[in-house]
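Please read the structure below before turning to the comments.
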Number of protein chains: 2
Amino acid sequence: MLTPNDAHPEKTIVTQLRAYLAQTDLPEDGRLPPERELSAALGVSRTELRKALDVLESEGQLWRHVGKGTFVGSRPLDTFADIAALARRSNPAEVMRARLVIEPEIARAAAFTATPAAISEMRLCLARSRQADTWRQYEGWDTRLHRTIAEATQNSLLVGLFDTLNAVRRAVTWGRLRTAPLRPLPSHHSFTEHEMIVDAIEHRDMAGAATAMRTHLQTVERKLLEKQMRAANEG
Amino acid sequence: MLTPNDAHPEKTIVTQLRAYLAQTDLPEDGRLPPERELSAALGVSRTELRKALDVLESEGQLWRHVGKGTFVGSRPLDTFADIAALARRSNPAEVMRARLVIEPEIARAAAFTATPAAISEMRLCLARSRQADTWRQYEGWDTRLHRTIAEATQNSLLVGLFDTLNAVRRAVTWGRLRTAPLRPLPSHHSFTEHEMIVDAIEHRDMAGAATAMRTHLQTVERKLLEKQMRAANEG
DNA sequence: TTAGAAACCAATTTCTTTTTGGTTTATATT
DNA sequence: AATATAAACCAAAAAGAAATTGGTTTCTAA
């Protein structure tokens, strides 16, 4: 015959677990023993322990993470964005997709708020990037143009998010593929694309700015993929 | 007899180094070979090479770091995005505008990539937030819903940017104006708005997800403004 | 006195191993 | 037939070991 406890065994384990948490002196970080140890200590199977842990987690009383462990309390939120950690977890494809999500909308917002001063700085970036003697120089002006657009939103938080995105982009390794001409050619696709973005912003064309930015980033993405393909075929 | 070159041997090596830098294809990060290799390649002793590197470093043309290597260009400064600094420079209105720029696009991307598991977690958040007894609990599930949507993009960088945005949002002081009911009422606007977002994501309706998120955030913004007005009139 | 080679140091990276939550599979057990 | 259990397996993360690298010291030789 079944006792009430046997009818709801998982409830017993949850209770057992609560008692354990109440009486046990957990370390500073609130980490509790690994499931394999804890299940042995409580004299239950790992499967049953995990069911109980699921309950407590859904109640928000603890959080878990593979490789880290199980902790009481709520999952800590980082007080700082670790660029290096983000870069380690990410990859070029993700960075590109993130840019495609974020930057067109920043361009759209910039079209609404950009000042004449901001626009003339964009024009300066356009001109300098055309005059660049080396790819390194070109990249400098390209980066500055995109940041000027972010600044044109007049929203320091958006600029901060853009900087974070950009820092991760630089930190992620593309597999060193510096092919083709030694310096940017006048026919380089980015020149006209950049101008279309700035034109749209200048004309307060929000939709146009977003579209132009998206088109530009899609071209960049395609070129990078082509380079990767070539590198793969050659190597 | 001494030739001019022999009289200033380090100058020769500096020149040799400059030539090397000009003609060599450096990797993306601008790192040049370790001193031990480079000295062998240039046919000079490591001591003499280091003297030349000292010159170029003092000119600001390169930077070095133990364990990392020697790099051309200027030393990168920020490896962290300081949330506290961002929050200090920002304000509630900016945060709200940034959310309106970022989150609808995250919802759009999520509608494309969300897994059934992610969607059921969203549903769980919806249910729990409805059952919340306190505003604190409600906020917990609200936050988790928005983060689940970000996670559904399956893009760790976007999740990171969302977390940064969220951390700044928390850090910015809203003036702590918690008026009206002690707990969320069933008529609370967010409930239906949240459901529209999740519905759109579930139906892979990218435009609908973006619109629903934008509508939701605009309502949040309006409510906050109304609260501020009331607080201003009362105070 | 100076240059050069080697050894040494500590910061950093890279590679390997171990740990850990999550998942699957097979075997009992009821 | 259904469920619980144990074991194996997986990928994320941490921990540890080994190799790399700029900086410094020491010793030798010219």
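Throughout, a chain's letter reflects where its sequence line sits, starting with A, and its residues are numbered from 1.
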Using a cut-off of less than 4.0 Å, is there contact between a side-chain N or O of A:H65 and OP1 or OP2 of D:dA13? yes
Under 4.0 Å: is that the gap between some side-chain N or O of B:T47 and OP1 or OP2 of C:dG4? no
To check you understand the geometry: which heavy-atom pair defines the closest contact between A:L165 and A:A98, and what is its length? CD1-CB, 4.1 Å
Protein-nucleotide distance (B:W63, atom CH2; D:dG22, atom C1'), rounded to Å: 12 Å
Would you check if A:M213 and A:L100 make a side-chain contact, meaning some heavy-atom pair closer than 4.5 Å? no
Can you find a pair of side-chain heavy atoms, one from B:E139 and one from B:R170, that are under 4.5 Å apart? no
Give a yes/no on whether any side-chain N or O of A:R50 is located under 4.0 angstrom from OP1 or OP2 of C:dG22. yes
Between B:E94 and A:N155 the two heavy atoms that sit nearest each other are O-ND2, 3.1 Å
Specify the angle, to 10°, made by the local axes at the two ends of the helix from C:dT1-D:dA30 to C:dT30-D:dA1 when five pairs are taken at each end. 20°
Mind checking whether A:Q218 and A:R214 have side chains closer than 4.5 Å, heavy atoms only? yes
Could you give the CG-to-P distance, from B:L49 to D:dG22, as a whole number of Å? 9 Å
I need the CD-P distance between A:E57 and C:dG21, as an integer number of Å. 11 Å
Please evaluate residues B:R147 and B:E121 with respect to the criterion salt bridge (charged side-chain N to carboxylate O under 4.0 Å, His left out), reporting the C-alpha separation (whole Å), side-chain torsions for both, the decisive distance (0.1 Å), and the verdict. CA-CA 11 Å; B:R147 191 177 199 279; B:E121 191 176 344; over 6 Å; no
When the distance from CZ of B:R64 to P of C:dA11 is rounded to whole Å, what number comes out? 18 Å
Taking DNA chain D as the partner, which of residues 30-45 of chain B come within under 4.0 angstrom of it by heavy atom? B:R31, B:P34, B:E35, B:R36
Between atom CZ in A:F71 and atom P in C:dT20, what is the gap in whole Å? 10 Å
Centroid-centroid distance, A:H194 to A:H146, less than 6.0 Å: yes
Rounded to whole Å, please give me the gap between CD in A:E48 and P in D:dA2. 18 Å
To the nearest 0.5 angstrom, please state how far the CD atom of B:E105 sits from the CD1 atom of A:I106. 11.0 Å
Are OP1 or OP2 of D:dA6 and a side-chain N or O of A:R46 less than 4.0 angstrom apart? no
Between C:dT19 and A:K68, is there an OP1 or OP2 to side-chain N/O distance shorter than 4.0 Å? no
Would you please indicate if the ring centroids of B:Y138 and B:H188 are separated by under 6.0 Å? yes
